[in-house]
Novice: 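Pasting a structure here, questions to come.
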Amino acid sequence: MARIVGGITTSHIPAIGNAMTQGLEGTDYWKRFFDGYEPVKQWLDDVDPDIVIVVYNDHGLNFFLDKIPTIALGCADHYENADEGWGLQTLASFDGDVQFSWHLAESLINQDFDLTTCQEMLVDHGFIVPMALMWRHLPEWPVQGIPLAINTIQHPIATARRCYALGKALRKAIESYPEDKKVVIFGTGGMSHQLQGERAGIIDVDFDLECMEKVISDPEWLASLSTTEIMARAGTEGVEVIMWLVMRGALNAQVNVIHKHYHVPVSNTGAGVLVLENA
Ligand code: DHB
Ligand code: FE
(Lines give C-alpha, C1' and ligand atoms only; values in the text may rest on other atoms or scores of the structure.)
(Ligands and ions follow the chains in the order given, each with its own letter.)
Protein backbone atom coordinates (compact mmCIF):
# COMPACT_ATOMS: atom_id res chain seq x y z
CA MET A 1 0.00 0.00 0.00
CA ALA A 2 1.16 3.53 -0.62
CA ARG A 3 1.75 5.55 2.54
CA ILE A 4 2.48 9.15 3.37
CA VAL A 5 5.81 9.44 5.16
CA GLY A 6 5.45 13.17 5.75
CA GLY A 7 4.88 16.57 4.29
CA ILE A 8 6.89 19.67 3.51
CA THR A 9 5.67 23.20 3.02
CA THR A 10 7.99 25.71 1.43
CA SER A 11 8.10 28.97 -0.45
CA HIS A 12 9.00 28.67 -4.16
CA ILE A 13 10.52 32.06 -5.01
CA PRO A 14 12.28 32.18 -8.42
CA ALA A 15 15.25 34.08 -6.95
CA ILE A 16 16.12 30.90 -4.99
CA GLY A 17 16.64 29.06 -8.29
CA ASN A 18 18.80 31.85 -9.62
CA ALA A 19 20.88 31.90 -6.42
CA MET A 20 21.57 28.17 -6.86
CA THR A 21 22.51 28.57 -10.52
CA GLN A 22 24.92 31.36 -9.58
CA GLY A 23 26.35 29.47 -6.59
CA LEU A 24 25.38 32.19 -4.12
CA GLU A 25 24.24 29.86 -1.31
CA GLY A 26 27.09 30.89 1.01
CA THR A 27 26.76 34.66 0.57
CA ASP A 28 25.55 37.04 3.29
CA TYR A 29 22.15 37.45 1.68
CA TRP A 30 21.48 33.74 1.18
CA LYS A 31 23.39 31.72 3.78
CA ARG A 32 20.79 31.72 6.55
CA PHE A 33 18.03 30.87 4.08
CA PHE A 34 19.86 27.90 2.54
CA ASP A 35 21.11 26.66 5.94
CA GLY A 36 17.43 26.30 6.83
CA TYR A 37 17.11 23.58 4.18
CA GLU A 38 19.95 21.31 5.35
CA PRO A 39 17.74 19.49 7.90
CA VAL A 40 15.06 19.11 5.23
CA LYS A 41 17.51 17.43 2.85
CA GLN A 42 18.72 15.21 5.69
CA TRP A 43 15.16 14.14 6.52
CA LEU A 44 14.46 13.37 2.85
CA ASP A 45 17.66 11.30 2.68
CA ASP A 46 16.47 9.37 5.73
CA VAL A 47 12.88 8.72 4.59
CA ASP A 48 13.97 8.13 0.97
CA PRO A 49 10.56 8.70 -0.71
CA ASP A 50 9.56 7.12 -4.04
CA ILE A 51 7.09 9.81 -5.05
CA VAL A 52 6.58 13.48 -4.28
CA ILE A 53 3.16 14.99 -4.91
CA VAL A 54 3.86 18.67 -5.44
CA VAL A 55 0.89 20.92 -4.68
CA TYR A 56 1.64 24.33 -6.16
CA ASN A 57 0.22 27.07 -8.32
CA ASP A 58 1.21 27.54 -11.92
CA HIS A 59 2.16 31.17 -12.67
CA GLY A 60 1.31 31.30 -16.37
CA LEU A 61 3.70 28.74 -17.87
CA ASN A 62 1.24 25.89 -18.40
CA PHE A 63 -2.11 27.63 -17.89
CA PHE A 64 -2.95 31.19 -18.76
CA LEU A 65 -5.75 33.56 -17.83
CA ASP A 66 -7.91 32.53 -20.78
CA LYS A 67 -8.22 28.91 -19.58
CA ILE A 68 -7.29 27.98 -16.06
CA PRO A 69 -8.61 24.99 -14.14
CA THR A 70 -9.27 25.41 -10.42
CA ILE A 71 -7.53 22.11 -9.66
CA ALA A 72 -5.35 20.25 -12.19
CA LEU A 73 -3.57 16.94 -11.71
CA GLY A 74 -0.66 15.77 -13.85
CA CYS A 75 -1.38 12.35 -15.38
CA ALA A 76 1.79 11.90 -17.42
CA ASP A 77 4.98 9.86 -17.34
CA HIS A 78 7.07 12.93 -17.89
CA TYR A 79 6.94 16.63 -17.02
CA GLU A 80 9.08 19.20 -18.79
CA ASN A 81 10.24 22.46 -17.35
CA ALA A 82 10.47 25.38 -19.83
CA ASP A 83 11.62 28.98 -19.98
CA GLU A 84 9.11 31.02 -17.96
CA GLY A 85 11.16 34.19 -17.59
CA TRP A 86 12.59 35.32 -14.22
CA GLY A 87 16.03 34.46 -15.71
CA LEU A 88 15.55 30.90 -14.47
CA GLN A 89 17.65 28.16 -15.97
CA THR A 90 15.52 25.37 -17.44
CA LEU A 91 16.01 22.17 -15.46
CA ALA A 92 15.99 18.51 -16.48
CA SER A 93 12.54 16.97 -16.94
CA PHE A 94 10.86 14.97 -14.17
CA ASP A 95 9.52 11.44 -14.34
CA GLY A 96 5.97 10.94 -13.16
CA ASP A 97 4.00 7.80 -12.33
CA VAL A 98 1.08 7.77 -14.70
CA GLN A 99 -0.65 4.80 -13.10
CA PHE A 100 -0.52 6.37 -9.66
CA SER A 101 -1.78 9.68 -11.10
CA TRP A 102 -4.83 8.06 -12.67
CA HIS A 103 -5.56 6.28 -9.41
CA LEU A 104 -5.43 9.65 -7.62
CA ALA A 105 -7.68 11.21 -10.26
CA GLU A 106 -10.25 8.46 -9.96
CA SER A 107 -10.28 8.51 -6.17
CA LEU A 108 -10.41 12.32 -5.92
CA ILE A 109 -13.18 12.63 -8.50
CA ASN A 110 -15.14 9.90 -6.71
CA GLN A 111 -14.72 11.99 -3.55
CA ASP A 112 -16.37 14.91 -5.42
CA PHE A 113 -13.23 16.88 -6.35
CA ASP A 114 -13.94 17.58 -10.02
CA LEU A 115 -10.39 18.17 -11.13
CA THR A 116 -8.84 18.53 -14.57
CA THR A 117 -6.54 15.70 -15.67
CA CYS A 118 -3.50 16.75 -17.72
CA GLN A 119 -1.64 14.30 -19.93
CA GLU A 120 0.74 17.10 -20.82
CA MET A 121 1.88 19.62 -18.25
CA LEU A 122 4.80 22.01 -18.14
CA VAL A 123 5.97 22.58 -14.59
CA ASP A 124 7.09 26.05 -13.50
CA HIS A 125 9.04 27.45 -10.54
CA GLY A 126 6.26 26.52 -8.12
CA PHE A 127 7.26 22.89 -8.78
CA ILE A 128 10.93 23.06 -9.79
CA VAL A 129 12.38 25.49 -7.23
CA PRO A 130 11.39 23.27 -4.27
CA MET A 131 12.60 20.15 -6.14
CA ALA A 132 15.91 21.87 -6.88
CA LEU A 133 16.23 23.01 -3.26
CA MET A 134 15.99 19.40 -2.12
CA TRP A 135 17.84 17.42 -4.78
CA ARG A 136 19.80 19.52 -7.22
CA HIS A 137 23.04 18.41 -5.59
CA LEU A 138 22.43 14.90 -7.00
CA PRO A 139 23.21 13.85 -10.60
CA GLU A 140 19.55 13.08 -11.30
CA TRP A 141 16.17 13.48 -9.61
CA PRO A 142 15.95 10.54 -7.18
CA VAL A 143 12.13 10.64 -6.97
CA GLN A 144 9.14 10.68 -9.25
CA GLY A 145 7.04 13.84 -9.12
CA ILE A 146 3.29 14.31 -9.54
CA PRO A 147 2.10 17.91 -10.04
CA LEU A 148 -1.17 19.03 -8.47
CA ALA A 149 -1.75 22.63 -9.53
CA ILE A 150 -4.28 24.87 -7.79
CA ASN A 151 -5.22 28.14 -9.40
CA THR A 152 -4.30 31.26 -7.44
CA ILE A 153 -3.87 33.52 -10.49
CA GLN A 154 -7.35 34.06 -11.92
CA HIS A 155 -10.05 34.75 -9.33
CA PRO A 156 -12.31 33.25 -8.09
CA ILE A 157 -9.97 30.63 -6.65
CA ALA A 158 -10.58 27.61 -4.40
CA THR A 159 -11.11 28.53 -0.75
CA ALA A 160 -8.68 27.66 2.01
CA ARG A 161 -11.32 25.32 3.44
CA ARG A 162 -11.66 23.51 0.11
CA CYS A 163 -7.89 23.07 -0.06
CA TYR A 164 -7.83 21.60 3.43
CA ALA A 165 -10.61 19.18 2.43
CA LEU A 166 -8.69 18.32 -0.75
CA GLY A 167 -5.75 17.28 1.43
CA LYS A 168 -7.98 14.92 3.40
CA ALA A 169 -9.30 13.40 0.18
CA LEU A 170 -5.77 13.15 -1.20
CA ARG A 171 -4.78 11.10 1.82
CA LYS A 172 -7.59 8.60 1.15
CA ALA A 173 -6.57 8.49 -2.50
CA ILE A 174 -2.92 7.80 -1.68
CA GLU A 175 -3.64 5.21 1.00
CA SER A 176 -5.94 3.25 -1.30
CA TYR A 177 -3.19 2.70 -3.89
CA PRO A 178 -2.26 -1.00 -3.77
CA GLU A 179 1.46 -0.72 -4.58
CA ASP A 180 4.05 -0.06 -1.87
CA LYS A 181 5.15 3.53 -2.35
CA LYS A 182 6.58 6.03 0.09
CA VAL A 183 4.96 9.37 -0.62
CA VAL A 184 5.92 12.86 0.49
CA ILE A 185 3.59 15.79 -0.15
CA PHE A 186 4.96 19.25 -0.84
CA GLY A 187 2.76 22.34 -0.49
CA THR A 188 4.62 25.18 -2.18
CA GLY A 189 3.95 28.92 -2.19
CA GLY A 190 3.69 31.86 0.15
CA MET A 191 4.39 33.19 2.56
CA SER A 192 3.25 36.82 2.64
CA HIS A 193 4.02 38.74 -0.54
CA GLN A 194 2.46 40.98 -3.14
CA LEU A 195 4.17 41.52 -6.48
CA GLN A 196 1.87 44.13 -8.00
CA GLY A 197 -0.39 47.11 -7.32
CA GLU A 198 -0.31 49.72 -4.58
CA ARG A 199 0.76 47.33 -1.85
CA ALA A 200 3.53 45.68 -3.89
CA GLY A 201 6.33 44.62 -1.56
CA ILE A 202 4.27 44.12 1.60
CA ILE A 203 5.34 41.36 3.97
CA ASP A 204 3.55 40.57 7.25
CA VAL A 205 5.99 38.72 9.49
CA ASP A 206 3.44 38.37 12.32
CA PHE A 207 0.97 36.71 9.98
CA ASP A 208 3.65 34.39 8.57
CA LEU A 209 4.80 33.24 12.00
CA GLU A 210 1.24 32.79 13.24
CA CYS A 211 0.41 30.91 10.07
CA MET A 212 3.32 28.50 10.52
CA GLU A 213 2.30 27.81 14.10
CA LYS A 214 -1.37 27.33 13.18
CA VAL A 215 -0.61 25.06 10.23
CA ILE A 216 1.07 22.80 12.76
CA SER A 217 -1.36 22.92 15.66
CA ASP A 218 -4.64 24.44 14.43
CA PRO A 219 -5.00 24.24 10.63
CA GLU A 220 -8.74 24.95 11.04
CA TRP A 221 -7.74 28.54 11.83
CA LEU A 222 -6.20 29.05 8.39
CA ALA A 223 -8.92 26.96 6.71
CA SER A 224 -11.58 29.25 8.14
CA LEU A 225 -10.13 32.41 6.55
CA SER A 226 -11.67 33.69 3.32
CA THR A 227 -9.54 34.40 0.25
CA THR A 228 -10.07 38.13 0.87
CA GLU A 229 -9.01 37.85 4.50
CA ILE A 230 -5.81 36.03 3.58
CA MET A 231 -4.98 38.55 0.84
CA ALA A 232 -5.68 41.48 3.18
CA ARG A 233 -3.09 40.14 5.62
CA ALA A 234 -0.60 38.32 3.41
CA GLY A 235 -0.84 40.20 0.09
CA THR A 236 -2.43 39.13 -3.17
CA GLU A 237 0.21 36.47 -3.89
CA GLY A 238 0.40 35.54 -0.21
CA VAL A 239 -2.78 33.58 -0.85
CA GLU A 240 -0.49 30.85 -2.25
CA VAL A 241 -0.28 29.68 1.34
CA ILE A 242 -3.51 27.71 0.72
CA MET A 243 -1.21 25.05 -0.83
CA TRP A 244 0.12 24.44 2.65
CA LEU A 245 -3.38 23.38 3.73
CA VAL A 246 -3.56 20.65 1.10
CA MET A 247 -0.41 19.09 2.51
CA ARG A 248 -1.63 19.58 6.08
CA GLY A 249 -5.04 18.05 5.33
CA ALA A 250 -3.31 14.86 4.23
CA LEU A 251 -1.68 14.38 7.66
CA ASN A 252 -3.06 13.41 11.07
CA ALA A 253 -4.68 15.97 13.38
CA GLN A 254 -1.56 15.63 15.54
CA VAL A 255 1.79 16.00 13.83
CA ASN A 256 5.42 15.97 14.88
CA VAL A 257 7.45 18.96 13.75
CA ILE A 258 10.70 17.66 12.29
CA HIS A 259 11.88 21.08 11.16
CA LYS A 260 10.67 24.67 11.07
CA HIS A 261 12.51 27.67 9.63
CA TYR A 262 11.53 31.19 8.62
CA HIS A 263 13.66 33.75 6.86
CA VAL A 264 12.69 37.21 5.69
CA PRO A 265 12.93 38.61 3.14
CA VAL A 266 13.84 36.45 0.18
CA SER A 267 13.24 38.62 -2.86
CA ASN A 268 9.81 40.12 -2.00
CA THR A 269 8.62 37.33 0.21
CA GLY A 270 8.61 35.87 3.71
CA ALA A 271 10.13 32.41 3.21
CA GLY A 272 9.01 29.58 5.47
CA VAL A 273 9.67 25.85 5.49
CA LEU A 274 8.10 23.10 7.60
CA VAL A 275 8.73 19.36 7.71
CA LEU A 276 5.91 17.43 9.40
CA GLU A 277 5.32 13.76 10.14
CA ASN A 278 2.22 12.09 11.47
CA ALA A 279 2.28 11.82 15.28
C1 DHB B 1 8.28 35.91 -5.87
C2 DHB B 1 7.52 35.04 -5.07
C3 DHB B 1 6.68 34.08 -5.67
O4 DHB B 1 5.89 33.22 -4.99
C5 DHB B 1 6.61 33.98 -7.04
O6 DHB B 1 5.83 33.02 -7.56
C7 DHB B 1 7.36 34.85 -7.83
C8 DHB B 1 8.18 35.80 -7.24
C9 DHB B 1 9.18 36.94 -5.28
O10 DHB B 1 9.15 37.16 -4.07
O11 DHB B 1 9.96 37.53 -6.02
FE1 FE C 1 4.47 32.07 -6.44
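Just follow the structure's listing: the first ligand is 1, and inside any ligand the first atom is 1. It should be emphasised that the depicted structure is a prediction, and the values quoted were computed from it without experimental measurement.
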Novice: In degrees, rounded to 10 degrees, what angle do H12 atom NE2 and H59 atom NE2 make at the Fe ion (ligand 2)?
Specialist: 90°
Novice: Quick check on Q111: does its CD atom have over 12 non-hydrogen neighbours (other residues, nucleotides or ligands) under 6.0 Å away?
Specialist: yes
Novice: Relative to the heavy atoms of W86, which atoms of ligand 1 are at a distance of less than 4.0 Å?
Specialist: 7 (C), 8 (C)
Novice: Between the side chains of E229 and R233, is the shortest nitrogen-to-carboxylate-oxygen separation below 4.0 Å, so that they form an ion pair?
Specialist: no
Novice: Can you list the atoms of ligand 1 that are under 4.0 Å from a heavy atom of P14?
Specialist: 1 (C), 5 (C), 7 (C), 8 (C)
Novice: Do V184 and L251 sit in one hydrophobic cluster, given that two such residues count as connected whenever their side-chain heavy atoms are within less than 4.5 Å of each other, even indirectly?
Specialist: no
Novice: Just jot down the ligand 1 atoms closer than 4.0 angstrom to any heavy atom of H125, in number order.
Specialist: 5 (C), 6 (O), 7 (C)
Novice: Short list, please: which atoms of ligand 1 are under 4.0 Å from a heavy atom of H59?
Specialist: 6 (O)
Novice: Does Y177 have R3 sitting over its ring (NZ/CZ under 6.0 Å from centre, angle to axis within 45°)?
Specialist: no
Novice: Give me the ring orientation class for F94 and F127: parallel if the planes are under 30° apart, tilted from 30 to 60°, perpendicular past 60°.
Specialist: perpendicular
Novice: Which is it for S11 and ligand 1 at heavy atoms under 4.0 Å: side chain, backbone, both or neither?
Specialist: neither
Novice: Closer than 4.0 Å to some heavy atom of E240 - which atoms of ligand 1 meet that?
Specialist: 4 (O), 6 (O)
Novice: Run the numbers for me: atoms of ligand 1, each under 4.0 Å from some heavy atom of S267, listed by number.
Specialist: 9 (C), 10 (O), 11 (O)
Novice: Please confirm if an N, O or S atom belonging to H125, backbone or side chain, lies less than 2.8 Å from the Fe ion (ligand 2).
Specialist: no
Novice: Can an N, O or S atom be found in E237 less than 2.8 Å away from the Fe ion (ligand 2)?
Specialist: no
Novice: Can you list the ligand 1 atoms lying under 4.0 Å from a non-hydrogen atom of I13?
Specialist: 1 (C), 2 (C), 9 (C), 10 (O), 11 (O)
Novice: So which bit of E237 gets within less than 4.0 Å of ligand 1, heavy atoms only: side chain, backbone, both or neither?
Specialist: neither
Novice: Considering only non-hydrogen protein atoms, determine which one is nearest to atom 10 (O) of ligand 1 and report residue, atom name and distance to 0.1 Å.
Specialist: T269 OG1, 2.5 Å
Novice: Determine the interplanar angle of the H261 and H259 rings, folded into 0 to 90°, and report it as parallel if under 30°, tilted if 30 to 60°, perpendicular if over 60°.
Specialist: parallel
Novice: Any idea which atoms of ligand 1 are less than 4.0 Å away from a heavy-atom of H193?
Specialist: 2 (C), 3 (C), 4 (O)
Novice: Tell me whether R161 is salt-bridged to E220, with the criterion being a basic N under 4.0 Å from an acidic carboxylate O.
Specialist: yes
Novice: Could you check which N/O/S atom of E240 is closest to the Fe ion (ligand 2)?
Specialist: OE2
Novice: Assess whether a salt bridge exists between D45 and K41, defined as any Lys/Arg side-chain N lying under 4.0 Å from an Asp/Glu carboxylate O.
Specialist: no
Novice: In terms of ring plane angle, is the pair H125 and W86 parallel, tilted or perpendicular, where the classes change at 30° and 60°?
Specialist: perpendicular
Novice: Can a cation-pi geometry be assigned to K168 and Y164, taking NZ or CZ under 6.0 Å from the six-membered ring centre and within 45° of the ring axis?
Specialist: yes
